[in-house]
Structure formats: structure tokens, C-alpha cells
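The first residue of the sequence shown is numbered 1, and numbering continues consecutively from there.
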Amino acid sequence: MKKIVSICLVLVLCVALMAGCSSDNSGNAAGNTTAKTAPAVDINNGAECKMAYIPMGAGQEDYPVILKGMQEAIALYPNVSLVTCDPGFNPTNQIDMMKEFINQEVDVIFINAMDGNALNSTIAEAEEAGIVVMSINNGVEGNHTAHIQNTTYDAGYEAAKFLSSVAPAGAKTVILDVPAELKATCTMGQGFVAYTEENAGSFEILEEYAQSITSIEVGYQAASEVLAKYDDIDVLYCVNDNTAIGAAQAVAAAGLENEGIIIWGYSGTPAALDAIAQGKIYGTSYSDPFYEGYAAMVSAMNFVQLGINGKSLGNEYYANVYLPTLNVTADNVYDIISGTHWDMSDYNY
């Protein structure tokens with residue numbers, strides 16, 4: 001947990017230093033001073049800054065935690081406004097909302113994309129208008145200003161590495177993966193496969209099952225199918241905590257809860273942390289979305305003040321910031337519960 005916090009703070013400090021360097025007036029070799037560059041939008045001196053956050057939907061589990069991180073980052077800036085909306089998990093609605101925010105001439109748009117390709121032309125339109133576009137969690141294919149998320153590929157790789165020490169050699173494994181349109185940025189399954197390929201004999205991957213969405217219901221259905229299809233599954237690697245919880249329900253429904261099947265998730269949601277504490281799933285790759293929101297907001301304020309976005313950089317690349325995850329099992333779950341920004345009140349912790 002401390003590692004996650006410290007890396008986020010380093011990110012914030014580095015971005016802040018970048019902004020500070022742009023206005024440094026230290027002397028040069030000739031004894032002259034370097035002229036300060038006026039901020040494009042002088043947030044620190046009260047200039048109005050309008051921002052908008054488009055999640056996948058208001059029902060997105062980490063949405064309130066990400067939003068809380070954003071709001072805390074601007075708590076001392078009454079001149080910075082942040083509005084949000086509910087596209088209802090519909091990529092077409094996300095496009096329409098982004099167009100509306102372009103018309104409103106906001107300074108920043110945060111987007112958690114449902115479809116990374118569908119938004120390309122609208123993102124290009126926003127960047128052309130001088131808007132800072134920052135993707136969070138699910139990335140987008142088109143060039144924009146920056147992307148921030150908790151690591152996915154490394155999370156899968158590290159989960160496989162950890163599980164290789166507790167699962168039997170050559171453990172028969174099924175990966176319950178994301179749908180095809182999200183695999184470009186949600187690469188947990190690819191990380192798990194990479195570890196397996198680099199370490200012969202660690203796992204036998206029976207199938208990479210692409211779910212339509214990552215939900216408890218779909219996870220239950222997917223796990224039920226593979227449990228009926230394969231004998232003696234040792235590991236169900238799930239790229240989402242809801243999938244892992246659904247998988248645990250399917251294992252119980254099949255009467256296999258005492259067969260030692262290892263179920264692993266991703267994210268560290270309240271339900272998953274409780275399931276680990278109750279022994280229903282083995283573990284998860286934990287991340288606190290609060291720091292995604294906080295880091296994204298601080299970065300965005302600095303981009304705005306510097307007058308930098310993907311368009312001004314030539315649309316040749318965009319910044320990727322990946323925040324680390326932490327393997328959580330019964331050994332450390334109560335420490336995580338006590339320090340998380342997730343709301344655990346429904347579980348009486």
C-alpha cells in the first residue's frame with residue numbers, strides 16, 4: 001500500500017516540477033535571467049478552468065472512488081470546476097457527451113472509454129480545439145494528451161509469478177478475460193500468459209475465455225461453462241473482481257468449493273476484499289482508484305497551465321502512467337481493508 005502511495009506522490013511531484021521548471025528565472029552563464037513563461041490558464045491565480053469526466057457509467061464500481069480522488073486534488077481551487085455525467089455504458093452516448101463538452105469549450109475531458117476505437121475522431125476533434133484529453137483505466141487508440149491507469153500487464157504477470165509458488169506445477173488454468181475490444185489496454189491476461197511462456201511447466205493454460213462484459217453474472221456463466229468443459233481445473237484467473245466472485249459462486253454451485261480451485265481477481269473492490277477475508281476467493285491484484293483520479297487531476301492542471309495537449313505535441317505520442325498493483329491474499333487483506341479508499345461499510349469493516 002505504501003508503495004502505491006509513494007509512487008503516486010512521485011508522479012505528482014514530477015509533474016509539479018515540470019510546471020515549475022517552465023517558469024524558472026535562475027541566472028544563466030552570462031548572468032542574465034531566463035524570462036518566465038506565462039501560464040496558458042493561470043489556475044494558481046484564479047483563472048477559471050472547466051473540466052468534465054465521462055466514466056463508462058454511473059454504475060461503474062470504481063467511478064465514485066476515482067471521482068473522489070479528482071475532487072480532493074482540486075479541493076483548494078474554487079476556480080476549477082468538474083462536472084460528470086452518466087453515459088450508461090454506451091459508447092455512442094460517450095461520443096455525444098464528449099461533443100457536448102467540446103461545444104461548451106471545457107479545458108479538460110477525462111474519459112474512461114467503452115470502445116477505444118469508436119472515440120478516435122471525437123478525441124481528435126477535442127484535441128484540435130485545444131482541450132486536454134486524458135484517458136483513465138480503459139485507454140483509447142487515438143493519440144491524446146495522457147493515459148493513466150493501474151497497471152494491467154504487470155498485474156497479470158506478477159499474479160502468475162505469485163501463484164506459481166502456491167499452485168501445483170503445470171496447474172491447469174483458465175483465464176476469464178475481457179471482451180476483444182478491451183484487450184488492447186486491459187492486458188492482465190496477456191501478462192499471465194507471458195509469465196507462463198517464460199516459465200515452462202508453471203501453468204497449463206486450457207483456454208482464454210473472452211467474456212462479453214466483466215460482471216458477476218457473466219463470470220458465473222463463464223466459469224460454469226469451463227468447469228463443465230474441463231476436468232481438474234486448478235486455477236481460474238479472472239481479470240476482474242466481479243468475474244472472480246461469479247466464478248466462486250459457480251465453483252460452489254458445482255459442489256467444488258473443497259477441491260482447492262484457486263480463484264484470482266483484479267482491482268481489489270470491497271466485495272473482493274471481503275471474499276478474500278471470507279476465504280471465498282484466494283486473492284486479487286489490488287489497486288486504489290482514488291490515486292488514479294488524484295494523479296490524473298494534478299497532471300491535467302499542469303497540462304492546462306503549460307498549454308500542452310496531444311495536438312500541441314504533434315500527436316506523435318502520449319504519456320502513459322501506470323500505477324502499480326499489490327497482490328492481496330488472506331495474509332494481508334485486513335491491512336488493505338483498513339487503508340483503502342473503497343467504501344467497506346456495507347461489509348461492516
Could you tell me whether E257 and K280 have a side-chain N and a carboxylate O separated by less than 4.0 Å?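 So E257 does not pair with K280 through a salt bridge.
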
Please determine if K311 and E128 form a salt bridge, counting it only when a charged side-chain N lies under 4.0 Å from a carboxylate O.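 Looking at E128 together with K311, the answer is yes, because their closest N to O distance falls below 4.0 Å.
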
Look at the side chain of [X] and the backbone N and O of [Y], then say whether any donor-acceptor pair between them is shorter than 3.5 Å.
X	Y	result
N302	V298	yes
D241	G268	yes
D62	V65	no
N79	A47	yes
N332	T329	yes
T145	M134	no
Q94	P55	yes
D107	M51	no
T187	K183	no
T340	I337	no

Would you say that more than 12 heavy atoms from the other residues, nucleotides or ligands in this model lie under 6.0 Å from the NZ of K50, or not?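 Yes, because the 6.0 Å sphere around NZ of K50 holds more than 12 heavy atoms from other groups.
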
Tell me whether Q104 at atom CD has more than 12 heavy atoms from other residues, nucleotides or ligands lying less than 6.0 Å away.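 More than 12 heavy atoms, drawn from other residues, nucleotides or ligands, come within 6.0 Å of this atom.
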
For V106 against I131, the heavy-atom pair lying closest together: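 The answer is O-CG1, 3.2 Å.
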
Taking it one step at a time, do N150 and Y286 satisfy side-chain hydrogen bond (donor to acceptor under 3.5 Å, both in side chains)? CA-CA 9 Å; N150 295 303; Y286 171 78; over 6 Å; no

Mind telling me whether H144 and Y318 have parallel, tilted or perpendicular rings, with 30° and 60° as the class edges?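 Tilted.
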
Classify the ring geometry between H341 and Y291 as parallel (under 30°), tilted (30 to 60°) or perpendicular (over 60°).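 Perpendicular: the ring planes of H341 and Y291 meet at over 60°.
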
One pair to check against side-chain hydrogen bond (donor to acceptor under 3.5 Å, both in side chains): T84 and Y63. What are the steps and the verdict? CA-CA 10 Å; T84 187; Y63 162 66; 3.1 Å; yes

For Q211 and T243, test the side chains for any donor-to-acceptor distance below 3.5 angstrom and give the result as yes or no.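 Present: a donor and an acceptor within the cut-off.
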
Which pairs pass ring pair (Phe, Tyr, Trp, His ring centres under 6.0 Å) with one or both residues in residues 243-263, sequence neighbours excluded?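 Sorted pair list comes back empty.
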
Compare all side-chain heavy atoms of I175 with those of E207 and state whether any distance is below 4.5 angstrom.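 Side-chain contact under 4.5 Å: no.
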
Centroid-centroid under 6.0 Å between F290 and W342 rings: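 No, too far apart.
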
